[in-house]
Amino acid sequence: RTFSFRSFPKDTKEKRQELLSAFQGRGPGKSLNAAQLLQQFAKADADGSGELSQEEVSAHLIAACGATDKDAIELLQQSAQFWFDNMIINLKEEDSLSRGEWIHSMMLKSTAPSHIAAELLNQRLRPHVNADPQFLANVQGLFMAADKNGDGSLDRSEWTAALKSL
């Protein structure tokens, strides 16, 4: 079955744009800093387990897009499954995302030049995360400490200061 926005009323242009943005990796998580992403994670963690299931990621995406149409929900569920599969870094036996994986993935979605670049980075990270489960959290901690203005990115002066502190 093919999904089409033609079935939506003309006055839902803003919702269509929001949906398209979410599919392009510019939805929830775009331009958010790590603290905001932690709040977003807590909101998505419906059962309070400290990890996200595929169902929680799906429900979060559907809520963020405000989807109510059956076809839109189905499409968002498929997109959430794709997102979820690509977010998992530490391939644990259980199928869940840690806070660190969530922050990493959402920041990567908003900054990586392409899906391929993101996947290549994740492939290089997986052996390090598997060897040291705190690796991702440690890297994120260093990033947050270096991000003095809290904007979710490092400018030249922040990079310089971070490198000098090593």
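Computed from a prediction, not measured in an experiment: that's the story for all the values here.
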(request) Keeping the roles fixed (side chain from Gln77, backbone from Ser58), state whether a donor-acceptor pair exists under 3.5 Å. (result) no
(request) Work out which heavy atom in Gln54 is nearest to a heavy atom in Phe84; give both atom names and the distance. (result) N-CE1, 3.4 Å
(request) Output yes when Arg126 and Glu101 qualify as a salt bridge under the 4.0 Å nitrogen-oxygen rule, no when they do not. (result) no
(request) Measure the shortest side-chain to side-chain distance between Val139 and His128 over non-hydrogen atoms and say whether it is less than 4.5 angstrom. (result) no
(message) Taking the side chain as everything from C-beta on, heavy atoms only, tell me whether Leu61 gets closer than 4.5 Å to Cys65.
(response) yes
(message) If hydrophobic clusters are built by linking Ile, Leu, Val, Met, Phe, Trp and Tyr wherever their side-chain heavy atoms come under 4.5 Å apart, do Leu136 and Leu121 end up in the same one?
(response) yes
(message) If I take atom CG from residue Leu37 and atom NZ from residue Lys43, how far apart are they, to the nearest 0.5 angstrom?
(response) 13.0 Å
(request) Could you tell me which non-hydrogen atom of Phe41 sits nearest to which non-hydrogen atom of Arg99, and how far apart they are? (result) CE2-CG, 3.2 Å
(request) Look at the side chain of Gln140 and the backbone N and O of Gly100, then say whether any donor-acceptor pair between them is shorter than 3.5 Å. (result) yes
(message) Using side-chain heavy atoms (C-beta onward) and a distance below 4.5 Å, is Leu38 in contact with Trp102?
(response) no
(message) Side-chain heavy atoms nearer than 4.5 Å, only ILVMFWY residues, links allowed to pass through others: does that put Leu52 and Phe82 together?
(response) yes
(message) Run the side chain to side chain donor-acceptor pair (under 3.5 Å) test against Asp147 and tell me which residues pass, sequence neighbours left out.
(response) none
(message) Whether the side chain of Gln81 engages the backbone of Gln78 through a donor-acceptor N/O pair (distance < 3.5 Å, no angle test) should be reported.
(response) no
(request) Write down the atom of Ser114, the atom of Ala117, and the distance for their closest heavy-atom approach. (result) OG-N, 3.0 Å
(request) Can you measure from NZ (Lys148) to CG (Asp155) and round to the nearest 0.5 angstrom? (result) 12.0 Å
(request) Would you mind reporting whether Phe135 and Leu125 have side-chain heavy atoms less than 4.5 Å apart? (result) yes
(request) Would you kindly say whether Asp45 and His60 are connected by a side-chain donor-acceptor distance under 3.5 Å? (result) no
(request) For the pair Glu158 (side chain) and Asn149 (backbone), establish whether a donor and an acceptor sit closer than 3.5 Å, ignoring hydrogens and angles. (result) yes
(message) How long is the straight-line distance from CD1 of Ile103 back to CZ of Phe143, given to the nearest 0.5 Å?
(response) 10.5 Å
With a 3.5 Å cut-off and sequence neighbours excluded, list the donor-acceptor pairs that the side chains of residues 159-166 form with protein atoms.
unit_1	atom_1	unit_2	atom_2	d
Thr160	OG1	Arg156	O	2.8
Ser165	OG	Ala162	O	2.7

(request) Could you grab the distance from atom CG of Asn122 to atom OG of Ser105, nearest 0.5 Å is fine? (result) 6.0 Å
